[in-house]
Amino acid sequence: MNYWLLKSEPFVFSFNQLLQDGSGVWDGVRNYQARNFLRSMKEGDLGFFYHSNEGLEIVGIVEITKEAFPDPTFDGDRWSAVELIPVQKLNNPVKLSDIKQKAELKDMVLVNNTRLSVQPVTSSEWSIIMQMSGTDI
DNA sequence: GCCAACGTTGGC
DNA sequence: GCCAACGTTGGC
């Protein structure tokens, strides 16, 4: 079981939107590093849903329900997409500024490679953030 | 609005 | 294959 973090600008696609829709396709990724992470996702993996630009916080948890397939917004198999469902909204969104203050989280990709939109999260990072959010799964 | 970090493009 | 120029992302 692996953990991930997915970034979206809330005015493009928000966690609330995903909750409303019931499921979503994570497409439009045009970065090789991010694509490779998409391709290594397994059904049942969990991910944080992060709002970039506005909010700057982790707002919810998603679960991968369909492993990588060709991105429907692109002609060809160069880019990939996955399907996911919302699992839960965090009781307390975890802000980037709070993450940055935690010594245990200083190595998070989110902190060190701000531009990567799909990134892995270690299980210890996952549990620390879950604790900060006051949320149980 | 600015700027740092990173990715991509294209000339050589 | 290198590197300068440019474009984009995203935090501040």
Side-chain angles (χ1 to χ4, degrees):
Chain A
M1 154 81 112
N2 290 305
Y3 298 106
W4 307 97
L5 184 145
L6 299 165
K7 274 190 203 175
S8 180
E9 304 184 46
F11 47 86
V12 176
F13 187 61
S14 68
F15 190 70
N16 281 335
Q17 183 69 49
L18 181 65
L19 280 171
Q20 260 179 43
D21 296 349
S23 74
V25 173
W26 204 268
D27 57 20
V29 170
R30 295 292 182 269
N31 170 286
Y32 286 105
Q33 226 186 328
R35 183 203 69 180
N36 292 341
F37 287 130
L38 277 182
R39 289 186 177 175
S40 48
M41 290 179 179
K42 300 282 177 217
E43 202 175 314
D45 280 356
L46 296 177
F48 286 131
F49 195 115
Y50 176 81
H51 281 172
S52 64
N53 254 298
E54 279 177 17
L56 308 184
E57 58 193 6
I58 296 170
V59 290
I61 296 161
V62 298
E63 179 182 337
I64 306 302
T65 51
K66 190 177 174 194
E67 293 172 17
F69 54 91
D71 187 334
T73 67
F74 185 82
D75 188 19
D77 56 6
R78 183 165 156 206
W79 302 109
S80 297
V82 295
E83 207 172 82
L84 43 78
I85 54 169
V87 174
Q88 193 160 353
K89 200 166 182 163
L90 296 186
N91 289 335
N92 310 304
V94 179
K95 302 216 135 254
L96 177 63
S97 55
D98 294 333
I99 290 173
K100 283 188 166 172
Q101 280 170 22
K102 287 253 174 196
E104 310 95 294
L105 298 177
K106 70 171 171 40
D107 292 327
M108 270 192 82
V109 183
L110 185 66
V111 175
N112 296 300
N113 188 354
T114 53
R115 298 189 50 200
L116 189 60
S117 60
V118 179
Q119 45 184 267
V121 171
T122 67
S123 55
S124 67
E125 290 164 351
W126 181 272
S127 54
I128 292 169
I129 290 171
M130 285 306 289
Q131 228 170 8
M132 291 165 77
S133 75
T135 310
D136 297 315
I137 297 196

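Here is the naming used below: chain letters follow the sequence lines, and residue numbers restart at 1 for every chain.
Using cut-offs of 30° and 60° on the angle between ring planes, the pair A/W79 and A/F74 is perpendicular.
Distance CD1 (A/I58) to C1' (C/dG10): 16 Å, rounded to an integer number of Å. One can place CZ of A/F11 at 11 Å from P of C/dT9, the figure rounded to the nearest angstrom. Summarising the geometry, the separation between CD on A/E57 and C1' on C/dG11 is reported as 14 Å, rounded to the nearest angstrom. The CD atom of A/E9 sits 13 Å away from the P atom of C/dT8 (whole-angstrom rounding). Taking atom CD of residue A/Q33 and atom C1' of nucleotide B/dC6, one finds them 10 Å apart after rounding to whole Å. Atom CD1 of A/I99 is separated from atom P of C/dG10 by 15 Å (rounded to the nearest Å). Here the C1' atom of nucleotide C/dT8 and the CG atom of A/N113 are 14 Å apart, to the nearest Å. C/dG10 atom C1' lies 12 Å from atom CG of A/L116, rounded to whole Å.
The side chain of A/K100 contributes an N or O atom lying less than 4.0 Å from OP1 or OP2 of C/dC12.
Between B/dG7, C/dG10, B/dC6, one nucleotide has an atom nearer to the side chain of A/N31 than all others, and that is B/dG7. Comparing atom distances between the A/Y32 side chain and each of B/dG7, B/dT8, C/dG11 picks out B/dT8 as nearest.
Residues A/S14 and A/N16 bring no donor and acceptor atom of their side chains to less than 3.5 Å of each other. Judged purely by distance below 3.5 Å, without hydrogens or angles, the side chains of A/R35 and A/S80 never pair a donor atom with an acceptor atom. There is a side-chain donor-acceptor pair under 3.5 Å between A/R30 and A/T73.
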